[in-house]
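Each residue takes its place number in the sequence, starting with 1.
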Amino acid sequence: MKTAMLDLDEKFHPETAAFTEENSDAWKLISLCKDSLPSDRKRTAYRERVWDGDTVWIRQYVVGYLKVPGRKLADELRSVLKNCTKYEVPNDGRISTIVRPSPPPVPNGPDVITFCERLKGNSTRHQCTLFVTRGNFVMEVDVSGENGDLAAATELLTKIAPLATTALGKIA
């Protein structure tokens with residue numbers, strides 16, 4: 001799992017070197033409008049890394065499944081995205097509205113899903129998500145750029161996507 005973790009430094013963004021933390025606590029993939037994706041409970045290994053600075057927020061999850069292909073989870077997420085347009089973020093109180101930038105920050109395909117969310121609470125900010133699968137592994141990268149701006153989030157996701165795909169390819 002560790003080989004698939006992104007190694008972002010100050011060349012990627014000045015804040016990423018100073019604001020990194022990593023853990024392997026239990027968590028779940030993004031679920032949107034549902035408690036969880038049905039197959040996500042079958043995960044066997046997982047790792048999270050977060051970069052949380054003043055102008056950039058990036059969270060990366062890598063999850064391994066012993067008996068479930070990652071593409072099955074991608075299909076489950078696609079199914080949720082067909083009907084989910086707005087939901088209340090659990091334990092948070094913010095309202096999330098799914099936003100589909102056109103063109104998408106990264107081309108979608110059988111192994112790749114991208115979308116953004118407008119999170120409205122005391123303030124409004126945008127977060128974009130990249131969901132990539134390889135074999136029995138799934139990588140989810142969530143990003144938010146300067147001031148929670150949608151353009152900044154999509155630009156950040158576009159910049160991080162090739163690095164994420166390359167990193168996931170190292171283990172799958």
Side-chain angles (χ1 to χ4, degrees), residues 1-24 27-32 37 40 46-64 70-71 73-75 77-78 80-81 84-85 89 92 94 96-121 123-135 137-172:
M1 302 296 289
K2 193 168 179 94
T3 57
M5 300 308 289
L6 292 169
D7 191 19
L8 304 178
D9 59 19
E10 63 278 346
K11 289 182 209 142
F12 180 81
H13 192 286
E15 290 185 49
T16 54
F19 294 95
T20 306
E21 64 179 67
E22 186 171 333
N23 69 66
S24 57
W27 57 272
K28 59 186 176 182
L29 292 172
I30 198 160
S31 50
L32 311 172
L37 296 176
D40 193 35
Y46 32 82
R47 193 167 204 89
E48 174 189 40
R49 188 173 281 175
V50 177
W51 296 264
D52 190 3
D54 291 334
T55 62
V56 65
W57 176 81
I58 303 166
R59 177 178 57 202
Q60 176 198 20
Y61 297 135
V62 177
V63 188
R71 200 174 266 186
L73 285 116
D75 290 343
L77 179 58
R78 263 190 214 89
V80 170
L81 282 167
C84 179
T85 57
V89 180
D92 186 278
R94 293 182 295 173
S96 172
T97 304
I98 306 301
V99 179
R100 302 279 192 141
S102 183
V106 179
N108 289 306
D111 296 318
V112 179
I113 299 170
T114 59
F115 61 92
C116 298
E117 297 177 73
R118 181 174 43 255
L119 298 160
K120 189 169 173 98
S123 63
T124 300
R125 80 176 194 33
H126 290 85
Q127 170 183 309
C128 291
T129 297
L130 170 69
F131 194 92
V132 184
T133 70
R134 291 283 181 276
F137 294 92
V138 173
M139 179 187 292
E140 178 185 327
V141 181
D142 304 311
V143 302
S144 187
E146 292 195 39
N147 301 320
D149 181 64
L150 179 59
T154 55
E155 182 182 322
L156 187 57
L157 194 66
T158 301
K159 187 177 175 183
I160 210 167
L163 303 173
T165 303
T166 300
L168 188 59
K170 292 177 184 176
I171 63 167

Check: Could you go step by step and tell me if Val50 and Ile58 meet the side chain to side chain contact (heavy atoms under 4.5 Å, CB included) rule?
Finding: CA-CA 6 Å; Val50 177; Ile58 303 166; over 6 Å; no
Beyond-backbone contact of [X] with [Y], side-chain heavy atoms, under 4.5 angstrom:
{"X": "Leu77", "Y": "Leu32", "result": "yes"}
{"X": "Leu156", "Y": "Cys128", "result": "no"}
{"X": "Ile30", "Y": "Phe115", "result": "yes"}
{"X": "Val56", "Y": "Phe12", "result": "no"}
{"X": "Gln60", "Y": "Trp51", "result": "yes"}
{"X": "Val63", "Y": "Phe137", "result": "no"}
{"X": "Leu8", "Y": "Leu163", "result": "yes"}
{"X": "Leu73", "Y": "Leu29", "result": "yes"}

Check: Is the side chain of Thr124 donor-acceptor paired with the backbone N or O of Lys120 at a distance under 3.5 Å, no angle test?
Finding: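 Not at all, since once roles are kept as given, no pair shorter than 3.5 Å links the two residues.
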Note to self: Tell me whether Thr165 contacts the main-chain N or O of Pro162 through its side chain, where contact means a donor paired with an acceptor under 3.5 Å.
What the structure shows: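 No.
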Notebook entry, point to check: Who are the side chain to side chain contact (heavy atoms under 4.5 Å, CB included) partners of Ala164, not counting sequence neighbours?
Noted result: Leu6, Leu130, Met139, Val141
Going from [atom1] on [X] to [atom2] on [Y], what distance comes out if it is rounded to the nearest 0.5 angstrom?
{"X": "Leu157", "Y": "Thr129", "atom1": "CG", "atom2": "OG1", "value": "7.5 Å"}
{"X": "Arg134", "Y": "Leu168", "atom1": "CZ", "atom2": "CG", "value": "6.0 Å"}
{"X": "Ser144", "Y": "Arg125", "atom1": "OG", "atom2": "CZ", "value": "4.0 Å"}

Next item on the list: Among Arg47, Glu48, Lys170, find the one that has a side chain to side chain contact (heavy atoms under 4.5 Å, CB included) with Met5.
Entry: Arg47
Next item on the list: Please step through side chain to side chain contact (heavy atoms under 4.5 Å, CB included) for the pair Arg100 and Leu81, ending with a clear verdict.
Entry: CA-CA 10 Å; Arg100 302 279 192 141; Leu81 282 167; 3.2 Å; yes
Check: Which pairs with one or both residues in residues 107-117 pass side-chain hydrogen bond (donor to acceptor under 3.5 Å, both in side chains), sequence neighbours excluded?
Finding: Arg71-Asp111, Tyr87-Glu117, Ser96-Glu117, Asn108-Thr114, Asp111-Thr133
Notebook entry, point to check: How close do Ile98 and Cys84 get, heavy atom to heavy atom, and via which atoms?
Noted result: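 Ile98 and Cys84 have their closest heavy atoms at CG1-O, 3.5 Å.
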Next item on the list: Could you tell me which non-hydrogen atom of Pro110 sits nearest to which non-hydrogen atom of Ala74, and how far apart they are?
Entry: O-CB, 4.2 Å
Note to self: Considering only residues two or more places apart or on different chains, which pairs with a residue in residues 146-160 satisfy salt bridge (Lys or Arg N to Asp or Glu O under 4.0 Å)?
What the structure shows: none
Notebook entry, point to check: Can you check side chain to side chain contact (heavy atoms under 4.5 Å, CB included) on Val112 and Val106, steps first, answer last?
Noted result: CA-CA 8 Å; Val112 179; Val106 179; 4.1 Å; yes
